[in-house]
Amino acid sequence: MSENTVALVTGANKGIGYEIAAGLGALGWSVGVGARDEERREAAVEKLRAAGVDAFGVPLDVTDDASVAAAAALVDKRAGRLDVLVNNAGITGGPAQMPTTADLAAVREAVETNVIGVIRVTNAMLPLLRRSPSPRIVNMSSTVGSLTRQTTAGAETGPIAVAYAPSKTFLNAVTVQYAKELRDTNILINAACPGFCATDLNGFRGVRTPEQGAAIAIRLATLPDDGPTGGFFEDDGPVPW
Ligand SMILES: NC(=O)c1ccc[n+]([C@@H]2O[C@H](COP(=O)([O-])OP(=O)(O)OC[C@H]3O[C@@H](n4cnc5c(N)ncnc54)[C@H](OP(=O)(O)O)[C@@H]3O)[C@@H](O)[C@H]2O)c1
């Protein structure tokens with residue numbers, strides 16, 4: 001068993017996921033860099049190690065059963081448990097997102113990665129999380145998945161996006177279901193919105209840095225034992241469903 005707190009961040013080779021890995025690593029934690037592309041993964045691991053982080057590469061495609069099972073086996077072999085899982089990997093499903101002209105393949109792809117992928121990874125990692133004294137799960141959602149914000153005049157909503165936005169609404173609902181099932185355990189699971197950050201996901205149009213976006217995930221990853229579960233949070237506090 002590892003002496004350090006052990007975290008796994010999916011989609012950690014770049015963007016907000018990389019900064020979450022860097023932030024958790026700066027706490028002295030051992031951080032698994034979950035990423036599907038070997039070159040990008042190893043480059044991130046090297047960069048994190050150069051910054052003093054105890055980083056290790058975890059080959060991981062969240063849409064692939066065998067890849068996710070192998071990732072769990074790797075973490076088990078290396079650390080014997082998992083303390084924190086950050087389900088950060090996500091995609092938009094591409095630019096054409098008007099509901100009336102939707103590309104159904106893009107909708108399916110967004111749900112497969114942003115929702116089914118989170119369930120797949122979470123369930124594979126749960127046996128390892130159950131061995132932790134204070135397990136935490138953070139699902140990277142978005143306020144564009146907030147139906148309240150989407151339907152409140154003047155609230156920040158994001159563009160019409162029939163693949164991306166509902167996939168995050170779905171993810172929020174899934175987060176609540178996990179929290180209900182895990183209510184009598186020590187596992188805390190919450191959804192987070194990083195704000196509009198400049199990353200590949202939005203062609204770097206975001207107004208916040210990925211590091212700023214990582215802060216809420218780091219906060220939810222380090223919740224005390226009496227912290228919230230089944231919630232949805234941004235830097236300023238709870239986000240309405
Ligand atoms: N940026 C924002 O303004 C914003 C706002 C709200 C929420 N978010 C959420 O924050 C999270 C991170 O987004 P980001 O902005 O940092 O985007 P990003 O820079 O595009 O990074 C996305 C990460 O997810 C990985 N990924 C995608 N599909 C994957 C798969 N099937 N298996 C494993 N990894 C996969 C990507 O890997 P590759 O390099 O291999 O593609 C990449 O590492 C996402 O869940 C996103 O929806 C972002």
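Indexing begins at 1, ligand by ligand and atom by atom, following the structure's order.
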For V9 and G17 the tightest heavy-atom approach is CG1-O, 3.6 Å
Next item on the list: May I ask you to check whether I16 has an N/O atom sitting below 3.5 Å from an N/O atom of ligand 1?
Entry: yes
Atom 7 (C) of ligand 1 sits nearest the protein heavy atom S141 O, 3.0 Å
Looking at G195, C197, S142, the heavy atom closest to atom 5 (C) of ligand 1 belongs to G195
Looking only at non-hydrogen atoms, the one of T199, N202, V207 nearest atom 14 (P) of ligand 1 is T199
The closest protein heavy-atom partner of atom 20 (O) of ligand 1 is L201 N, 3.5 Å
In ligand 1, the atoms that come under 4.0 Å of a heavy atom of T63 are 31 (N)
Under 4.0 Å between a side-chain nitrogen and a carboxylate oxygen: does that hold for R49 and E42? no
> Could a heavy atom of G34 be found less than 4.0 Å from some atom of ligand 1?
Replying inline: no
Atom 33 (C) of ligand 1: closest protein heavy atom, distance to 0.1 Å, is L60 O, 3.3 Å
Using a 3.5 Å cut-off on N or O atoms only, is R40 in polar contact with ligand 1? yes
With V174 as partner, the option from I116, T169, I119 fulfilling side-chain contact (heavy atoms from CB on, under 4.5 Å) is I119
Only residue of T122, N139, N87 satisfying side-chain hydrogen bond (donor to acceptor under 3.5 Å, both in side chains) with T175 is N139
The closest protein heavy-atom partner of atom 42 (C) of ligand 1 is K14 CE, 3.7 Å
I218 and F233: same hydrophobic cluster, using ILVMFWY side-chain contacts below 4.5 Å? yes
Of all protein heavy atoms, the one nearest atom 35 (C) of ligand 1 is A89 CB, 3.6 Å
For A44 and A12, the nearest pair of non-hydrogen atoms, with its separation, is CB-O, 4.1 Å
If the contact criterion is a heavy-atom separation under 4.0 Å, does K168 count as touching ligand 1? yes
Honestly, for I91 the part within reach of ligand 1 (heavy atoms, under 4.0 Å) is side chain
Practice task
Could you tell me whether ligand 1 has any atom less than 4.0 Å away from a heavy atom of N88?
Solution key: yes
*K14 bridged to D37 by N-O distance under 4.0 Å*: no
>> Any non-hydrogen side-chain atom of L182 less than 4.5 Å from a side-chain atom of T229?
In response: no
among protein heavy atoms, the one nearest atom 39 (O) of ligand 1 is N13 ND2, 2.8 Å
For F196, the atoms of ligand 1 under 4.0 Å from one of its heavy atoms are 3 (O)
* Any N or O of V62 that comes nearer than 3.5 Å to an N or O of ligand 1? -> yes
### Query
G206 near ligand 1, heavy-atom distance under 4.0 Å?
no
**Request:** Using distance alone, determine whether R36 and ligand 1 share an N or O pair under 3.5 Å.
**Result:** yes
Check: of P210, G15, G90, min heavy-atom distance to atom 22 (C) of ligand 1 comes from G90
Contact with ligand 1 for Y164, non-hydrogen, under 4.0 angstrom:
yes
### Cationic tip of R78 above F56 ring, under 6.0 Å, 45° of axis
yes
Exercise. Do N172 and V239 have side chains that get closer than 4.5 Å, going by heavy atoms?
Worked result: no
- Do ligand 1 and G11 have nitrogen or oxygen atoms that lie under 3.5 Å from each other? yes
side-chain hydrogen bond (donor to acceptor under 3.5 Å, both in side chains) test vs R120 passes for just one of T113, D65, D64, namely D65
Check: So, D225 and R136, do they make that salt bridge, N to O below 4.0 Å?
Finding: yes
heavy-atom search around atom 31 (N) of ligand 1 in the protein gives D61 OD1, 2.9 Å
Hey, does E19 have a side-chain heavy atom less than 4.5 Å from the side chain of T199? no
message: Less than 3.5 Å apart, any donor N or O on the side chain of N4 or S30 sitting next to an acceptor on the other?
response: no
